[in-house]
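What follows is one structure encoded as structure tokens, with my remarks underneath.
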Amino acid sequence: MKYGYFDDSSREYVITTPKTPLPWINYLGCEDFFSIKSNTSGGYCFYKDAKLLRLTRYRYNNVPFDDGGHYFYIKDGDTVWNPGWQPVQTELDSYECRHGMGYSIFTGVKNGLKAQVTSFVPMGYTCEVNKLTLTNESDTVKNFSVFSYVEFCLWNAMDDMTNFQRNFSTGEVEVMGSVIIHKTEYRERRRHYAIFGVNTPINGFDTDRDSFLGAYRGYHNPQVVEDGKSKNSMASGWAPIGSHQITLSLQPGETKTYIYVLGYCENPADQKWESQGVVNKAPAKALMEAFATEAQADAALDHLKEYWSQLLGKFHVESDYTEMNRMVNVWNQYQCMVTFNMSRSASYFESGIGRGMGFRDSCQDLFGFVHLIPEKARQRIIDIASTQMEDGSAYHQYQPLTKRGNSDIGSGFNDDPLWLIAAVAAYIKETGDYSILEESVPFDNKEETAVPLMEHLRRSFNFTVTHRGPHKLPLIGRADWNDCLNLNCFSSEPGESFQTSGPSEGPVAESVFIAAMFVKYGKEYAMLCQRQGLDKEADDALAQVDDMYQTILTAGWDGEWFVRAYDAYENKVGSHECEDGKIFIEPQGFCVLAGVGIKEGHANKALASVEKILDTKYGIVLLQPAYKDYHLELGEVSSYPPGYKENAGIFCHNNPWISIAETCVGHGNRAFDVYRKICPAYIENISEIHRTEPYVYSQMIAGKDAKNFGEAKNSWLTGTAAWTFLNVSQAILGIQPDYDGLVVDPCIPSELSGFTITRKFRDVTYTIEVQNPNKSQKGISKLIVDGVTVDGNQIPYDASKKQVHVVAVLDA
Ligand code: BGC
Ligand code: NOJ
């Protein structure tokens with residue numbers, strides 16, 4: 001069952017009923033100001049950091065769910081309704097929500113009145129613009145009122161939810177014409193305030209929530225709207241809000257448009273503070289003036305659309321596979337931008353408070369983002385590397401606003417350092433910019449420790465070399481990619497967290513997954529050494545990689561698949577010797593994509609075992625059999641009921657590893673099958689089972705052991721976005737950025753007769769026509785670059801060209 005459809009030409013997903021199984025959201029903003037918008041106008045906004053600079057309040061895990069957002073109420077006679085249906089839930093005569101690239105459009109019609117709200121965050125501004133267009137579609141005059149509504153958060157979202165004894169007495173507002181100013185904290189000279197204004201004189205306002213709603217009422221039945229009259233309330237403490245009343249009359253066929261601006265304002269750092277609490281209104285006025293007219297708002301929206309056209313023009317595929325095209329060309333890249341911006345901080349499943357930017361997460365996110373805006377990727381790499389410790393380990397997370405490592409969480413996830421090498425290699429391959437390696441970058445943000453970025457990579461590499469266990473495999477530490485594999489848990493009291501209960505590293509527990517990472521990214525490190533003229537270091541690194549490769553083939557091989565790990569008692573995890581958790585997905589995918597065991601025949605065996613034991617109709621589960629009981633020696637993984645999350649859920653993030661691995665052994669049909677099973681557009685018509693948005697990936701789909709098999713959770717912020725884009729663009733469609741040019745090496749279903757890709761690489765735009773006349777799956781037999789046949793499958797990079805036309809023919 002579907003709840004909408006893809007409108008490919010306008011790059012929108014159109015939701016045709018407000019009653020989606022879960023709120024289906026969109027992200028507005030791609031610079032510093034962000035707003036999360038559900039299909040019924042729920043959500044909130046923030047500047048830079050969802051924890052520390054939250055403008056509007058949102059209550060998670062609420063009932064009814066998704067209650068709270070940026071709303072418009074229409075009071076037309078006795079009927080009160082909202083264009084996005086929530087929160088009053090008056091049945092609409094027609095409803096539509098279009099989620100587009102950085103904007104959402106809500107259209108509701110009731111009793112002959114049409115209200116359309118176009119919400120977006122304009123480029124270059126720190127605000128959300130809401131363009132409200134009201135049209136009288138009836139044949140009689142309409143007299144009615146519109147009430148806007150936002151509820152301000154007192155900036156620090158954590159404090160806002162906990163420190164009521166203080167916060168009920170700090171809220172302050174000011175009203176300047178049609179602009180409501182939320183100035184809580186300004187008294188403390190924080191430099192910032194928020195505004196909510198509209199470009200027309202108003203008939204009234206409210207700034208105090210309880211006056212607006214009335215005692216014991218809610219968003220669904222505010223007293224002021226019911227009465228049809230604002231109270232001009234001034235908040236003093238308690239809960240400041242912003243609400244404007246506009247009363248108007250529309251002739252049949254007449255339309256009126258208003259522009260609302262909800263924005264973040266900041267005074268210049270050197271501002272003189274005249275007296276405490278007196279707001280410098282210049283930034284507010286400037287913001288309102290920027291969107292004083294409909295034409296200004298429209299121009300800003302056009303600019304945003306143009307920005308996205310230009311970004312998405314960097315990778316575009318035309319093929320017979322409509323679903324793949326729409327994911328590759330629009331939604332997958334769009335989600336990569338969102339994961340780049342948010343890491344794992346703010347979604348409808350991440351509160352914006354708990355987690356900031358993840359070290360490993362943000363490194364991986366770059367795989368799907370670096371081609372879009374390489375300069376931002378560069379800065380991100382520097383920010384991430386600045387949270388690395390001198391010994392090569394790393395803070396697991398950092399706060400987006402301060403960019404400082406989060407010491408509550410600390411370090412100890414032993415895969416983290418290697419992801420930095422992966423990110424830097426991806427950046428250099430995309431851009432050819434080796435200068436990043438010379439960039440001076442501190443450890444733990446302490447300027448005096450700054451060294452060239454290359455030295456950070458060296459310490460990353462050496463961290464694994466110097467942290468190996470009894471089988472010579474890398475020590476796992478608190479966990480590797482699988483956060484829930486906590487093999488150094490020796491004691492756990494009720495209420496105690498898994499990851500702090502044992503020694504942070506432990507003397508023995510080892511990870512085959514990190515070993516595979518080391519082979520893959522250790523080779524990248526050696527290549528970077530070589531390209532820097534460090535031949536001896538490159539040779540030494542390759543010797544280490546080779547040693548690890550052999551170790552995996554011995555200590556890491558179980559007979560039919562790769563072992564997952566060794567626990568702190570030196571028992572195997574992910575082996576036929578185990579009762580549950582006999583086979584895990586991660587080492588099968590990562591060992592093979594790192595090239596381990598391909599020539600020895602292990603790769604095919606491991607992938608066959610995945611297909612036989614882990615595959616399901618909705619995707620590949622993380623492990624089998626699911627852990628039935630809690631195992632202290634394994635940690636959080638066994639704390640989940642069978643089929644959920646890391647305990648045998650379909651953890652989407654590592655499904656593309658299997659797909660990539662299949663391409664490494666030439667299985668184009670199977671690689672695509674793995675891709676298709678979890679690809680949102682391909683499963684749009686089971687939205688009632690899948691439940692999360694059909695245009696983006698979710699972190700997890702419940703596995704076959706779970707009651708709700710096929711139900712997804714944690715949509716949007718997942719490494720699945722970047723890894724899938726890497727998979728489909730580089731492994732399946734085979735367009736691989738490399739140090740000396742684009743490599744063309746597709747591995748596709750044999751039925752696909754060909755496809756055409758437009759790819760902007762550095763400053764050159766390539767049109768690559770891949771032909772598959774003989775139903776092949778892999779192997780380029782001919783590469784013609786601008787009419788000239790070249791050897792091999794790499795397009796030599798020539799910066800003097802602006803357009804290059806390539807024909808690639810797959811083998812018979
Ligand atoms: C989840 C993991 C997640 C981790 C983050 C765990 O509870 O199961 O998927 O990575 O929390 O801290
Ligand atoms: C989600 C986390 O964000 C990611 O870092 C981790 O690798 C996976 N969960 C698996 O545990």
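Read the numbers this way: they start at 1 and go in the same order the structure lists the ligands and their atoms.
- Residue Lys645 places no heavy atom under 4.0 Å from ligand 2.
- Near Tyr640, the atoms of ligand 1 lying under 4.0 angstrom from a non-hydrogen atom of the residue are 1 (C), 6 (C), 7 (O), 8 (O).
- Side chain to side chain, Gln388 and Asp444 fail the donor-acceptor criterion of an N or O pair below 3.5 Å.
- With hydrogens and angles left out, the side-chain atoms of Asp705 and Gln624 include a donor and acceptor closer than 3.5 Å.
- You'll find the ring centres of Phe461 and Phe463 outside the 6.0 Å limit.
- No side-chain N or O of Gln699 forms a donor-acceptor pair with one of Trp716 less than 3.5 Å apart.
- The Glu636 neighbourhood of ligand 1 comprises atoms 6 (C), 7 (O), 8 (O), with distances under 4.0 Å to a heavy atom of that residue.
- For atom 7 (O) of ligand 2, the closest heavy atom belonging to the protein is Trp481 O, 2.5 Å.
- Asp415 and Tyr521 share no donor-acceptor pair across their side chains, judged by distance under 3.5 Å alone.
- Scanning the protein heavy atoms around atom 5 (O) of ligand 2, the nearest turns out to be Asp361 OD1, 2.6 Å.
- Arg355 counts as a contact of ligand 1, since one of its heavy atoms falls under 4.0 Å from the ligand.
- Protein heavy atom nearest atom 11 (O) of ligand 2, with residue, atom name and distance: Glu646 OE2, 2.5 Å.
- Under 4.0 angstrom from ligand 1, there are no non-hydrogen atoms of Trp481.
- Using a 4.0 Å cut-off to heavy atoms of Phe651, the atoms of ligand 1 that qualify are 9 (O).
- His371 and Glu430 are not linked by any side-chain donor-acceptor pair at a separation below 3.5 angstrom, with hydrogens and angles left out of the test.
- At the shortest separation from atom 1 (C) of ligand 2 among protein heavy atoms lies Gln699 NE2, 3.3 Å.
- Ligand 2 lies out of reach of His653, whose nearest heavy atom is not under 4.0 Å from it.
- Of the candidates Arg355, Arg360, Glu350, Arg355 brings a heavy atom nearest to atom 3 (O) of ligand 2.
- Side chains of His576 and Asp558: a donor-acceptor N/O pair is present below 3.5 angstrom, by distance only.
- Using cut-offs of 30° and 60° for the angle between ring planes, the His653 and Trp723 rings count as tilted.
- For His99 and Tyr334, the ring centers sit 6.0 Å or farther from each other.
- Under the 4.0 angstrom criterion for non-hydrogen atoms, Gln699 is in contact with ligand 1.
- Under a 4.0 Å criterion applied to the non-hydrogen atoms of Asn482, ligand 2 contributes the atoms 11 (O).
- Shortest non-hydrogen contact noted between Gln588 and Leu607 is O-CD2, 4.5 Å.
- In summary, the atoms of ligand 1 found under 4.0 Å from a heavy atom of Lys645, numbered by their order in the structure, are 1 (C), 2 (C), 8 (O), 9 (O).
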